Amino acid sequence: MSKEITSRATDYSQWYIDLVRKAGLADYSAVKGCMVIKPYGFAIWENMRDTLDRMFKDTGHVNAYFPLFIPKSFLSREAAHVEGFAKECAVVTHYRLKNDPNGAGVVVDPEAKLEEELIVRPTSETIIWNTYKDWIQSYRDLPLLINQWANVVRWEMRTRLFLRTAEFLWQEGHTAHATAEEAIEETRRMLDVYATFAEEWMALPVVKGVKSANERFAGAEDTYCIEALMQDGKALQAGTSHFLGQNFAKAFDVQFSTKDNTLDYVWATSWGVSTRLMGALVMAHSDDDGLIIPPKLAPHQVVIVPIPKPLPELQEVASRIADELRAVGVRVKIDNDDQSRPGFKFAEYEKLGIPVRLGLGARDLANGTIEVARRDTKEKSQVPVEGLAAYITALLDDIQRSMFERAKAYRDDHITRVDTWEEFVETLDTKGGFISAHWDGTPETEDRIKDETKATIRCIPLDNPAEAGHCIRTGKPSTQRVLFARAY
RNA sequence: CGGGGUGUGGCUCAGCCCGGUAGAGCACCUCGUUCGGGACGAGGGGGUCGGAGGUUCAAAUCCUCUCACCCCGACCA
């Protein structure tokens, strides 16, 4: 049990915050609602970013960059869009400060008021579609497949490290297509990319689905999402992909000449994942001793700890082993610190979630073995140094796989089929997780359920079978089950 | 925006009720002994007590105002 991390059973929320801070992922900053992402946290994010970037490029996308500031008038071009974001926008009104005549530091210079106020982007659809107007004239200019890595600002009233911060890092893909079919195909393709990333890299099982009207992105025709389940039974939206129809094309007058020389509005998609994924990673896998990072995303996959400390003969063997591991592509750290004692280091690396720890002491030297400790299960074993590289690569694969399996078993065990309102409420309060239940399809009923239980429809799963039934709340007829949960 | 809480060395906090020379543990520095699951001893450095004003011979402590942050709720990725 860690000395400095609150246990999950004591206070799940505090456990999460302790973990994020004590493991050096992020910390609070001087600015309310904004966090400092620390080097270790950023290293994990970089691994996520680099992997996703490769996946985007493999599916034909290129990167570009658009301005941080958006003219205020742009936002109101799309009615639903402004409605959705207006309440959380940071606004730039002036461009200069001056010395306070009363000597109280600097003040905003009232002379320097902007002609048109600028908002700090909460998302970039508007500035991008304003630009696309100039880039698209013909069907030959389509599809336009662009991604941007950026920071955005949403002035949230309440924030939580990584899960909801006033400023966050993300990527936003914005694509333009000649037909609705092609745009929908793109929307689904990127949803698949996200699901693959979540499951194969983050070891995080997700449900792919479509949002109900209440949860739909402001300005979208359809919002697809991947939904994950955290260890406390609450759901977390881990990524979204929107089919925007012709809404933004019409708002920004983006038309193109078709093959048969008619004019049509462009079809659009947008899709994004954010540093929120860091929060998902922590909450899905970690334990009371600290982080558990899946091998594929771990900045260091293996740490070698010379015991009792890095004596010359141990150091020599350690660096030889490290070289062998690096030769097969394993990210290795050798602990050359000679101040801390082994026990302290063990606890420390467990807190950081490094998947595999190798302990190397005089005993091992004599036996030609090394102590292999895996973070996820805490199992320790003596393994021959001979052939270690192959053993470790197999072990890392096994850890990656078993982390996913464990999370999936938990998730599957927490999808409960429910047919009565009493069961529904009971399950929410005792077991949590996803609840698969019938719903009459109306926003009113969804709102009512949310008011009464705080549960929302997380999604309508894509592979949902048609099934006749009755709404859990109103008893009206329903054609399929949807997934409810309390969510972050 | 409503409710609750907290501001005192880098961190966690005590001291405040009842005003009188700013403390502890951890961390840090030096030396020594240690080292296969969070070591120990000795010595040492470091704080205008969130800010402003007031009361007083005297304020971390009492009064007024103010700022910031955290937690819970409404809003959201």
Side-chain angles (χ1 to χ4, degrees), chain A residues 1-6 11-14 16-18 21-22 27-35 83-89 104-105 122-123 151-172 194 211 214-218 220 223 225-228 235-242 270-280 289-290 305-311 314 335 337-351 357-367 369-371 373 378 380 382 450-451 454 456 458 487-488:
Chain A
M1 182 70 69
S2 171
K3 284 182 173 174
E4 41 187 12
I5 300 169
T6 306
D11 184 345
Y12 188 85
S13 191
Q14 190 59 45
Y16 172 76
I17 294 165
D18 284 353
R21 300 183 69 187
K22 301 291 167 59
D27 212 337
Y28 300 115
S29 72
V31 183
K32 180 183 171 66
C34 294
M35 64 177 170
E83 171 71 22
F85 286 104
K87 283 178 291 184
E88 51 191 43
C89 282
T123 180
N151 58 337
V152 290
V153 169
R154 296 181 189 177
W155 213 266
E156 302 288 352
M157 292 172 184
R158 253 198 80 217
T159 57
R160 296 191 73 189
L161 294 170
F162 285 120
L163 297 177
R164 180 167 299 106
T165 45
E167 178 192 17
F168 55 94
L169 306 184
W170 76 345
Q171 57 70 216
E172 45 182 327
Y194 288 155
K211 287 292 191 188
N214 280 15
E215 301 282 323
R216 193 179 290 150
F217 175 76
T223 288
C225 62
I226 52 172
E227 290 285 330
L236 181 77
Q237 178 176 304
T240 50
S241 185
H242 314 292
S270 70
W271 28 273
V273 295
S274 72
T275 36
R276 170 177 254 204
L277 289 180
M278 294 288 294
D289 293 320
V305 182
I307 297 165
K309 59 183 177 184
L311 303 168
L314 289 173
D335 186 334
D337 170 77
D338 61 358
Q339 299 302 311
S340 303
R341 292 153 57 102
F344 179 85
K345 291 178 178 179
F346 295 165
E348 202 62 18
Y349 291 123
E350 277 159 14
K351 188 171 74 187
R357 186 186 71 236
L358 300 178
L360 183 67
R363 211 157 65 199
D364 300 292
L365 235 44
N367 298 339
T369 60
I370 195 161
E371 183 185 78
K378 293 284 194 66
K380 288 197 280 194
Q382 297 298 127
K450 185 181 179 182
D451 287 344
K454 291 180 186 166
T456 50
R458 300 322 302 156
Y488 279 100

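Chain A is the first sequence line, chain B the second, and so forth, proteins listed ahead of strands; every chain is numbered from 1. Being a predicted model, the structure only gives us computed values, none of them experimental.
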Ignoring hydrogens and angles, are the base of B/G37 and the side chain of A/Lys380 linked by a donor-acceptor pair under 3.5 Å? yes

side-chain N/O A/Tyr28 vs B/U6 OP1/OP2, d < 4.0 Å
no

inquiry  = So, OP1 or OP2 of B/G38: does either fall under 4.0 Å of a side-chain N or O from A/Arg341?
reply    = no

Give one of base, sugar-phosphate or nothing for [X], where a contact means two heavy atoms less than 4.0 Å apart.
X: A/Ala362; value: base
X: A/Thr240; value: nothing
X: A/Thr165; value: base
X: A/Glu371; value: base
X: A/Ile17; value: sugar-phosphate
X: A/Glu350; value: base
X: A/Leu163; value: base

Taking [atom1] from [X] and [atom2] from [N], how many angstroms apart are they, rounded to a whole number?
X: A/Ile5; N: B/G38; atom1: CD1; atom2: C1'; result: 12 Å
X: A/Gln339; N: B/C40; atom1: CD; atom2: P; result: 16 Å
X: A/Gln14; N: B/G5; atom1: CD; atom2: P; result: 18 Å
X: A/Lys378; N: B/G37; atom1: NZ; atom2: C1'; result: 10 Å
X: A/Asp335; N: B/G37; atom1: CG; atom2: C1'; result: 14 Å
X: A/Glu348; N: B/A27; atom1: CD; atom2: C1'; result: 13 Å
X: A/His242; N: B/A77; atom1: NE2; atom2: C1'; result: 9 Å
X: A/Trp155; N: B/C1; atom1: CH2; atom2: C1'; result: 16 Å

Closest heavy-atom pair, A/Gly359 versus A/Asp364, reported as atoms and distance to 0.1 Å, is O-OD2, 3.5 Å

When every non-hydrogen atom of A/Val273 is compared with those of A/Trp170, the smallest separation belongs to O-CB, 3.1 Å

- [ ] Kindly assign one of parallel, tilted or perpendicular to the pair A/Tyr194 and A/Trp271, based on the angle between their ring planes and the thresholds 30° and 60°.
- [x] perpendicular

Of the nucleotides [options], which has the atom closest to the [X] side chain?
X: A/Ser274; options: B/A77, B/G38, B/C35; result: B/A77
X: A/Asp364; options: B/A77, B/G38, B/G36; result: B/G36
X: A/Glu156; options: B/C71, B/C75, B/G38; result: B/C75
X: A/Lys454; options: B/A77, B/A74, B/C35; result: B/A74
X: A/Phe344; options: B/G37, B/C75, B/G38; result: B/G38
X: A/Phe168; options: B/A77, B/G37, B/C35; result: B/A77
X: A/Arg357; options: B/U34, B/G36, B/G37; result: B/G37
X: A/Arg154; options: B/G36, B/A77, B/C71; result: B/A77

Who is the Watson-Crick or G-U wobble partner of [N], with both distances under 3.5 Å?
N: B/G53; value: B/C63
N: B/C1; value: B/G73
N: B/A27; value: none
N: B/G32; value: B/C40

In whole angstrom, give me the gap between the [atom1] atoms of [N] and [M].
N: B/G51; M: B/U6; atom1: C1'; answer: 16 Å
N: B/G32; M: B/G37; atom1: C1'; answer: 24 Å
N: B/U61; M: B/C18; atom1: C1'; answer: 10 Å
N: B/A60; M: B/A22; atom1: C1'; answer: 8 Å
N: B/G25; M: B/G44; atom1: P; answer: 13 Å
N: B/U33; M: B/C70; atom1: P; answer: 47 Å
N: B/G7; M: B/G15; atom1: C1'; answer: 15 Å
N: B/G54; M: B/A59; atom1: P; answer: 12 Å

Look at the side chain of A/Arg154 and the backbone N and O of A/Pro122, then say whether any donor-acceptor pair between them is shorter than 3.5 Å. yes

Under a 3.5 Å distance rule, please check whether A/Arg276 uses its side chain to pair with a backbone N or O of A/Gln237 as donor and acceptor.
yes

*Cation-aromatic face contact A/Arg357/A/Phe346, 6.0 Å, 45 degrees*: yes

Inset, instruction - Please determine if A/Glu348 and A/Lys351 form a salt bridge, counting it only when a charged side-chain N lies under 4.0 Å from a carboxylate O. - result: yes

Comparing nearest nucleotides in RNA chain B, the 5'-proximal residue of the pair A/Ala487, A/Lys309 is A/Lys309

Is the number of heavy atoms from other residues, nucleotides or ligands within 6.0 Å of CD (A/Glu83) greater than 12? no

